[in-house]
Protein chains: 2
Amino acid sequence: MLIDGPVGSTKYTGEGKRQITSLFVTGEIPDLQGLYLSVMDCTFSTLTPSRVGFMRHDTLRAICEQHPSIATAFWQSTLIDGAIYSEWVTNVGRREAFTRMAHILCELIYRLRAVGRIEDHVAEIPITKAALGDALGLSTVHVNRMLQELRRKGLIATSGPRVHALNWASSRPRRGFREGLPAWAVTEVLRGKTFL
Amino acid sequence: MLIDGPVGSTKYTGEGKRQITSLFVTGEIPDLQGLYLSVMDCTFSTLTPSRVGFMRHDTLRAICEQHPSIATAFWQSTLIDGAIYSEWVTNVGRREAFTRMAHILCELIYRLRAVGRIEDHVAEIPITKAALGDALGLSTVHVNRMLQELRRKGLIATSGPRVHALNWASSRPRRGFREGLPAWAVTEVLRGKTFL
DNA sequence: CGTCTCCTTGAGTTAACTCAACGTACGTGG
DNA sequence: CCACGTACGTTGAGTTAACTCAAGGAGACG
């Protein structure tokens with residue numbers, strides 16, 4: 001379980017290219033899959049110096065057996081991860097770079113908000129451009145240019161790892177963020193949290 | 001549950017582009033997610049005239065409560081779906097069109113094999129090029145060209161919906177392919193570039 | 001104060017796209 | 001049985017989004 005800092009699950013293609021297939025933020029449990037899958041097919045790596053907690057799989061399995069309702073909760077959590085995956089596929093497969101970038105920022109901001117890590121629409125996202133590129137299927141250079149475009153269009157402001165989503169509420173319907181809405185709005189509903 | 005024919009779960013971006021985020025073949029259960037997720041965030045659509053069976057969610061939930069081991073099996077099944085998702089993200093995000101195409105064919109062939117739907121390495125894959133494009137994040141035109149290239153390089157032969165993987169058997173033993181693994185283990189094969 | 005990692009910018013290249021036209025198979029209704 | 005419509009597949013030509021390469025900053029750190 002993540003106590004602090006983002007973690008990504010990564011894979012490599014035969015050609016040695018890296019893909020980050022999912023991100024986890026503070027408070028989330030990355031490897032719930034491993035509970036009932038014998039083979040691990042990806043690597044988890046911290047994207048910045050982080051604090052993580054470990055839980056023994058056999059202990060968790062014992063808990064699941066004794067308390068079916070907890071098992072169901074864990075199951076549901078992995079189902080949500082699946083829903084996020086499917087949105088991620090859509091993002092990488094069919095959105096162009098600019099919207100794709102906006103989308104992942106929306107998702108991260110939303111999820112950080114859900115764990116109370118956001119103040120005044122400012123999120124700490126200590127992820128390098130290179131890692132963002134690997135998450136989005138883009139080159140570092142292009143990630144950089146898309147972020148510039150987001151700034152230029154007045155959608156975000158940044159200082160270091162801090163990302164400020166400008167006009168979050170109002171720009172959502174009108175601007176680039178709109179395309180991102182369905183995804184994390186769904187995620188929102190799934191997690192049972194209140195949006196905005 | 002699918003009795004016959006492929007089904008895809010699809011999503012649309014704000015610009016109206018379609019992405020098929022996952023495919024299911026005969027014998028698989030597409031909407032296991034729906035069991036414990038209240039909101040459905042994608043559409044399931046048959047990609048060819050198919051036969052499907054329906055199971056009531058409340059019935060399944062009752063079964064899960066009475067038989068925890070079945071619940072665990074279902075959970076594991078959704079975890080495998082998750083693993084396939086993550087491979088799909090990698091495929092769409094970081095592989096180029098040719099390899100991407102080869103990869104999805106491998107996955108389909110592997111999964112069809114797992115349900116006994118393959119004879120002599122010939123698989124029935126009745127999916128239009130347009131749908132393949134939506135699954136891979138490619139245009140119809142490019143899908144067509146990549147298939148031609150696969151044929152030209154002697155990797156596949158086709159006739160109608162039938163796809164014959166030409167060097168499947170010979171390359172399999174060398175690359176650590178293991179019979180009887182769950183479907184997502186196709187990753188193993190592909191990471192070793194078995195097919196190519 | 002050099003080294004390292006990350007970020008930025010410019011310039012040229014290319015993989016994949018779009019558009020548009022034509023081919024082919026199949027079913028349907030006259 | 002044929003004309004027609006529809007859906008899918010194929011091909012060529014021109015375009016573009018994103019990539020690669022290369023080189024120069026900017027901050028962190030021993």
Side-chain angles (χ1 to χ4, degrees), chain A residues 5-6 8 13 15-20 45-50 91-105 124-153 156-163 176 179, chain B residues 5-6 8 13 15-20 45-50 91-105 124-153 156-163:
Chain A
T13 68
E15 290 87 13
K17 299 209 170 179
R18 183 169 80 144
Q19 175 72 45
I20 296 178
S45 47
T46 57
L47 303 176
T48 199
S50 306
N91 199 30
V92 172
R94 281 299 188 210
R95 270 189 266 262
E96 32 190 66
F98 179 76
T99 328
R100 208 185 293 180
M101 186 77 233
H103 186 277
I104 205 175
L105 287 181
E124 290 264 343
I125 305 184
I127 304 179
T128 65
K129 320 274 179 198
L132 275 176
D134 287 335
L136 294 167
L138 296 173
S139 68
T140 307
V141 171
H142 210 54
V143 164
N144 185 28
R145 290 182 171 133
M146 290 305 104
L147 283 172
Q148 286 174 12
E149 198 174 329
L150 281 166
R151 276 193 292 263
R152 188 154 39 76
K153 292 192 174 172
I156 60 169
T158 58
S159 73
R162 241 164 256 112
V163 176
E179 287 74 14
Chain B
T13 68
E15 290 89 10
K17 300 209 169 178
R18 182 169 79 144
Q19 174 72 44
I20 296 179
S45 46
T46 57
L47 303 176
T48 199
S50 307
N91 200 29
V92 172
R94 280 298 188 211
R95 270 189 266 260
E96 34 189 65
F98 180 76
T99 327
R100 209 185 293 180
M101 186 76 233
H103 186 276
I104 205 174
L105 287 180
E124 291 265 341
I125 305 184
I127 304 179
T128 65
K129 321 273 177 196
L132 274 177
D134 287 336
L136 294 166
L138 295 173
S139 67
T140 306
V141 172
H142 210 54
V143 164
N144 185 25
R145 290 184 171 134
M146 291 305 104
L147 283 172
Q148 286 175 13
E149 199 174 330
L150 281 165
R151 276 192 292 265
R152 187 154 40 75
K153 293 193 173 171
I156 60 169
T158 59
S159 73
R162 241 164 258 111
V163 176

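Every chain is numbered from 1, with letters handed out A, B, ... down the list of sequences. Note that these values count all heavy atoms, side chains included, but never hydrogens, waters or copies made by symmetry.
- One end of the helix from C:dC1-D:dG30 to C:dG30-D:dC1 points its axis 30° away from the other end's axis, with each axis taken from 5 pairs and the angle rounded to 10°.
- Every residue meeting the side-chain contact (heavy atoms from CB on, under 4.5 Å) condition with A:Glu96, not counting sequence neighbours, appears here in chain and number order: A:Thr99.
- For B:Arg162, the salt bridge (Lys or Arg N to Asp or Glu O under 4.0 Å) test picks out B:Glu124, with sequence neighbours left out.
- Comparing A:Thr128 and B:Val143 by the nucleotide of DNA chain C that holds the closest heavy atom to each, the one mapping nearer the 5' end is A:Thr128.
- Within the 4.0 Å cut-off from OP1 or OP2 of D:dC19, not a single side-chain nitrogen or oxygen of A:Lys17 is found.
- Pairs passing the salt bridge (Lys or Arg N to Asp or Glu O under 4.0 Å) check and including a residue from residues 136-150 of chain A, sequence neighbours excluded, read A:Glu149-A:Lys153.
- Each of A:Arg18, A:Gln19, A:Lys129, A:Lys17 was evaluated against A:Asp134; a single residue qualifies, A:Arg18, per the side chain to side chain donor-acceptor pair (under 3.5 Å) test.
- Taking 4.0 angstrom as the limit, B:Lys129 places none of its side-chain polar atoms (N or O) nearer than this to OP1 or OP2 of D:dT11.
- Candidate nucleotides C:dT8, C:dC17, D:dA18 were compared by shortest atom distance to the side chain of A:Arg151, and C:dT8 ranks first.
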*Assign a letter to each nucleotide of nucleotides 23-30 of chain D from its 5' end: B, base within under 4.0 Å of a protein heavy atom; S, sugar-phosphate only; -, no contact.*
--------
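- Using a 4.0 Å heavy-atom cutoff across all strands shown, A:Gly133 reaches no nucleic acid atom at all.
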Polar atom pairs between nucleotides 9-12 of chain C and protein, under 3.5 Å, N or O only, would you list them?
from   : atom 1 : to       : atom 2 : distance (Å)
C:dT9  : OP2    : A:Gln148 : OE1    : 3.4
C:dT9  : OP2    : A:Gln148 : NE2    : 2.3
C:dG10 : N7     : A:Arg145 : NH2    : 2.5

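- Rounded to whole angstrom, the span from the CG atom of A:Leu136 across to the P atom of D:dA17 amounts to 18 Å.
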